[in-house]
Amino acid sequence: MTTKRSITSLEVFLQSFFKDEKKLLLANYPGLTLHRLRDDIKLHAFLNGVDSEELFDFPYIPYHSNPITLFFEKLKLGVPLEYITGYAYFYRSLYKVTPDVLIPRSETEILVELATLEIQKNYSNRTCRLIDVGTGSGIIALTLMMEDFATLEVVASDISEEALILAQENLFNLHYTISAKHSVKFIKSDRLKDIEGNFDIILSNPPYIKRLLDRGSVHHQVLSYEPEMALFLDDESYDIWFEDFFKSIYQKLNQDGLSLIEGHELYLEGLAEKAIKIGFSKVEVIKDYTGRNRFLRLKK
Ligand SMILES: C[S@@+](CC[C@H](N)C(=O)[O-])C[C@H]1O[C@@H](n2cnc3c(N)ncnc32)[C@H](O)[C@@H]1O
């Protein structure tokens with residue numbers, strides 16, 4: 001006996017998939033909407049050579065090597081959407097991401113905005129030397145290079161070689177949006193240890209979650225798929241890691257320079273006290289849009 005399989009459009013398949021798998025999808029992708037899923041499928045299809053306005057009206061045949069089938073299979077496993085498509089939006093651009101780098105978070109856009117204000121205010125008529133420590137996919141450094149308020153001499157550093165390779169790929173992909181007046185160097189370094197010279201602006205979104213104490217509060221999808229190195233620091237050396245970092249920031253920051261560091265809502269007040277002890281005269285904790293402590297603003 002043969003069973004008759006009806007052929008449906010991708011839209012019909014997607015809607016019933018979303019309905020049938022809703023519980024599993026929302027456990028892995030909090031707040032996921034059908035609209036977002038449709039956009040990501042469109043992006044995924046486009047990146048796999050299927051660029052069609054009528055994609056969702058076409059019959060969907062779930063053969064194994066169909067890129068859309070692979071998309072649905074990864075979705076069922078709970079792979080982050082950005083690692084499925086290989087791309088993530090940050091600020092106004094699309095960045096390539098792999099499991100070697102953190103998926104950009106929206107709160108980091110605030111750090112970029114704060115840095116942009118500083119550049120606009122103080123560097124319209126002089127070159128600004130800037131470093132992004134722990135650049136990952138390069139989002140902070142490259143987003144700032146897309147602005148045109150000043151000439152930037154940028155260093156993008158990371159302890160991970162894989163991250164640096166990806167950041168350079170993103171520079172290549174986005175180079176047409178970046179003015180030739182800016183320059184950038186990619187350097188492998190533990191914080192500022194192998195970095196030469198001084199800076200006007202030192203930016204960093206470092207790993208800031210305590211490996212043991214905070215593990216329970218991290219979403220299981222983040223734990224399963226995002227790189228440990230981008231997320232966690234050892235509990236026992238957490239404070240000393242930041243103290244050493246702040247000391248080197250103090251040494252490498254020009255007298256009228258500014259440092260902005262993203263951090264954990266629970267520890268930023270304590271880290272602010274450490275920064276004051278190290279010698280920074282203006283230390284401010286800045287909140288994100290959810291009202292949580294999120295950044296340190298340090299001036300000498
Ligand atoms: C939270 S992720 C931030 C990535 C990217 N800047 C962003 O905002 O999405 C932290 C980054 O710091 C890097 N990192 C971890 N330890 C480091 C260290 N000791 N020195 C320099 N970079 C480090 C990781 O490889 C990772 O790319």
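Both counts, for ligands and for their atoms, begin at 1 and track the order of listing. We use all heavy atoms of the structure for the numbers below, so side chains are in, but hydrogens, waters and symmetry mates are not.
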Practice problem: Determine whether the aromatic ring centres of F72 and F17 lie less than 6.0 Å apart. | Solution: yes

Practice problem: Show which atoms of ligand 1 fall inside a sub-4.0 Å distance from at least one heavy-atom site of I139. | Solution: 7 (C), 8 (O), 9 (O)

Quiz item: Do Y267 and D214 get their side chains close enough for a donor-acceptor pair, meaning under 3.5 Å?
Solution: yes

Quiz item: Just heavy atoms, cut-off under 4.0 Å: does S157 contact ligand 1 by side chain, backbone, both, or neither?
Solution: neither

Quiz item: With a 4.0 Å heavy-atom cut-off (strictly under), which part of F232 contacts ligand 1: side chain, backbone, both or neither?
Solution: neither

Quiz prompt | Nearest-neighbour protein heavy atom for atom 3 (C) of ligand 1, which is reported as residue plus atom name and distance | solution = N205 O, 3.1 Å

Exercise. Ignoring hydrogens, just give me the one of G134, P206, G136, P104 whose non-hydrogen atom is nearest atom 6 (N) of ligand 1.
Key: G134

Exercise. Check whether the side chains of Y60 and T69 place a donor and an acceptor atom closer than 3.5 Å, and report yes or no.
Key: yes

Exercise. Report, in ascending order of atom number, the atoms of ligand 1 lying under 4.0 Å from any heavy atom of D190.
Key: 18 (C), 19 (N), 20 (N)

Quiz item: How about T135 and D132: does a side-chain donor come under 3.5 Å of a side-chain acceptor?
Solution: yes

Practice problem: With heavy atoms of T135 as the reference, note each atom of ligand 1 found under 4.0 Å away. | Solution: 5 (C), 6 (N)

Quiz prompt | Option set L164, L203, I159, L111, criterion heavy-atom distance to atom 16 (N) of ligand 1, minimum | solution = I159

